[in-house]
Amino acid sequence: MYYGLDIGGTKIELAAFDAQFSLLHKERVETPKEDYSQWLDTVAGLVEKADQRFGEKGSVGIGLPGFVNRETGIAEITNIRAADNRPILHDLSTRLGREVRAENDANCFALSEAWADENQQYPFVLGLILGTGFGGGLVFNGKAHSGHVGMAGELGHIQLNYHALKLLGWDNAPIYKCGCGNEACLDTYISGRGFEMLYRDLKGESLKAPEIIARFQQGDKSAVEFVEMYIELMAISIGNIITALDPDMIVLGGGLSNFDYIYQALPKALPKHLLRSATVPVIKKAIFGDSGGVRGAAALHMAR
C-alpha cells in the first residue's frame, strides 16, 4: 500500500493507493498551526489509521509547500509554523517505524502528471503551478529532481528580466515584494495572484481572475489588451526557463491553468524568446487537478 500526504497550511490530506495506482482511501483534516507535537500526532495519526484499515504498514510520501534540506534534514516550510525549521522526516520515520520521504508539492504535482499513461513518453516533464503563487517541479524518467539542497524547481523566485520590465513599462512597472524577501520574483507575476494584481495596477480596477477572463471572452478591449500583454509576459519568463532546462513537456496546474486560451496563445508567443534551434515543448493542462499532490507523494516510493 502506498500513502501520499499533501500537507498545506490549512489542511492535510492522506490518500492510499494500490500498486496499480488505484485510489482506495482518502481522508482530510485541518493542519495544526502552532504546536509541533500536535502536528506530528496529526500526520502520524492519519498514517496509523490507514494502516489499521488495510492491515499493513504502507509506505509514506509527503508533499510540502517548501522542502526538507538534504544536508541538514531540517524542513523549510515558512507557511506551516508548527513544522518549519524542524527535523520532520527523522521524527516521523522514528514515530512510524518506516522511511518517510518528502518532496516539494510542485515536484509531487509534476511527478503525478509524469506518471500518467499518456505522459510516460516524455523523459523530462516540467510542472508549472499557476496558483496563488508560481512554482515548478522537475521529473526526469519518472523521478522527481530536487537538487543538491532540495530547492530545485523553485522557479517562482527567478526575478523579472530586462524584457519583462520593458513590457510592463519602465516608468510604471509594478514592483511587488515577494514572501522570500526579494522583489520582482515571478511568484508575484506569473500566478493567479499576479494576474489579478497586474490588472489592478495596470488597468486601475480590482477584479478576480474569473472576472477578467470573462471580460476577455466577451471581447472587452481593456481585458483583451491585458491578457495579450500577460501572455507575452508568460512567454518571456517561461521562455527563459525552457532555454535553461529544455523539457520534453510542460504541464500546467493551479487555478489560472484552467484559462484555456493559454494553451492556444502561449505556444505561438514562445518561439521568439527561444534559441533558433529550440522547439516549443508540448504544453498540457494537468489531468489530475487537486489530486496531483497526494498521487505524486505516493509515487515517491514507487518504481516505474
Side-chain angles (χ1 to χ4, degrees), residues 6-11 31 33-34 36 39 62-89 102-110 126-139 144-165 167-168 173-202 209 230 233-234 236-245 250 252-257 292-293 296:
D6 184 11
I7 300 182
T10 58
K11 57 87 179 172
T31 303
K33 300 293 192 296
E34 303 291 342
Y36 181 53
W39 186 89
I62 296 175
L64 299 166
F67 63 96
V68 176
N69 189 304
R70 289 179 177 272
E71 294 184 333
T72 65
I74 300 299
E76 296 191 31
I77 327 170
T78 56
N79 66 334
I80 305 179
R81 285 186 290 182
D84 185 37
N85 206 33
R86 300 281 191 169
I88 64 170
L89 294 185
E103 277 287 353
N104 177 267
D105 50 11
N107 275 345
C108 289
F109 157 75
L126 169 63
L128 297 178
I129 297 178
L130 314 175
T132 303
F134 172 71
L138 315 176
V139 176
H145 174 74
S146 50
H148 173 64
V149 172
M151 64 181 180
E154 290 285 358
L155 304 175
H157 301 293
I158 295 172
Q159 294 160 358
L160 291 180
N161 69 7
Y162 165 89
H163 298 285
L165 289 168
L167 175 70
L168 293 173
I175 302 300
Y176 303 127
K177 190 171 182 64
C178 181
C180 74
N182 289 323
E183 293 183 329
C185 291
L186 295 186
D187 187 75
T188 54
Y189 296 84
I190 312 301
S191 61
R193 176 170 49 107
F195 186 76
E196 294 172 351
M197 292 193 303
L198 282 172
Y199 191 86
R200 177 196 67 201
D201 294 336
L202 296 179
Y230 194 82
L233 181 64
M234 291 181 72
I236 292 169
S237 303
I238 294 174
N240 280 343
I241 294 169
I242 292 171
T243 298
L245 299 178
I250 296 175
L252 304 181
L256 196 60
S257 72

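Hydrogens, waters and symmetry mates are skipped; everything else that's a heavy atom, side chains included, is used.
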Step by step, work out the side-chain contact (heavy atoms from CB on, under 4.5 Å) result for L128 and I190.
-> CA-CA 10 Å; L128 297 178; I190 312 301; over 6 Å; no
For the student: nearest non-hydrogen atoms of [X] and [Y], plus distance:
| X | Y | value |
| --- | --- | --- |
| A173 | L168 | CB-CB, 3.7 Å |
| H157 | C180 | ND1-SG, 3.5 Å |
| A152 | G147 | CB-N, 3.6 Å |
| E154 | N104 | OE2-ND2, 3.5 Å |
| F67 | V149 | CE1-CG1, 3.8 Å |
| L89 | A102 | CD2-CB, 3.6 Å |

In this structure, are over 12 heavy atoms from other groups packed under 6.0 Å from M197 atom CE?
-> yes
Is there a donor-acceptor contact under 3.5 Å from the side chain of [X] to the main chain of [Y]?
| X | Y | value |
| --- | --- | --- |
| N69 | G150 | no |
| S191 | T188 | no |
| R193 | T132 | yes |

Evaluate the criterion side-chain contact (heavy atoms from CB on, under 4.5 Å) for residue pair V68 and I74; output intermediate values, then yes/no.
-> CA-CA 6 Å; V68 176; I74 300 299; over 6 Å; no
Does I80 have any side-chain contact (heavy atoms from CB on, under 4.5 Å) partners at least two apart in sequence or in another chain, and if so, which?
-> I7, T31, W39, P65, I77, A83
Any side-chain heavy atom of Q159 sitting closer than 4.5 Å to one from E183?
-> no
Approximate separation, where rounding is to 0.5 Å, of [X] [atom1] and [Y] [atom2]:
| X | Y | atom1 | atom2 | answer |
| --- | --- | --- | --- | --- |
| K33 | R81 | NZ | CZ | 10.0 Å |
| E76 | D84 | CD | CG | 7.5 Å |
| L155 | L186 | CG | CG | 8.0 Å |
| F109 | E103 | CZ | CD | 14.5 Å |
| I242 | I250 | CD1 | CD1 | 4.0 Å |
| L64 | I88 | CG | CD1 | 4.5 Å |

Quick one: list whatever passes side-chain hydrogen bond (donor to acceptor under 3.5 Å, both in side chains) with R70, sequence neighbours left out.
->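 Result, side-chain hydrogen bond (donor to acceptor under 3.5 Å, both in side chains) vs R70: S146.
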Given side-chain contact (heavy atoms from CB on, under 4.5 Å), test N240 with H163 step by step and report yes or no.
-> CA-CA 11 Å; N240 280 343; H163 298 285; over 6 Å; no
With side-chain contact (heavy atoms from CB on, under 4.5 Å) as the test, would you mind laying out the steps for D187 and Y176 before giving the verdict?
-> CA-CA 10 Å; D187 187 75; Y176 303 127; over 6 Å; no
For the pair F195 and Y230, name the ring-plane relationship: parallel under 30°, tilted 30 to 60°, perpendicular over 60°.
-> perpendicular
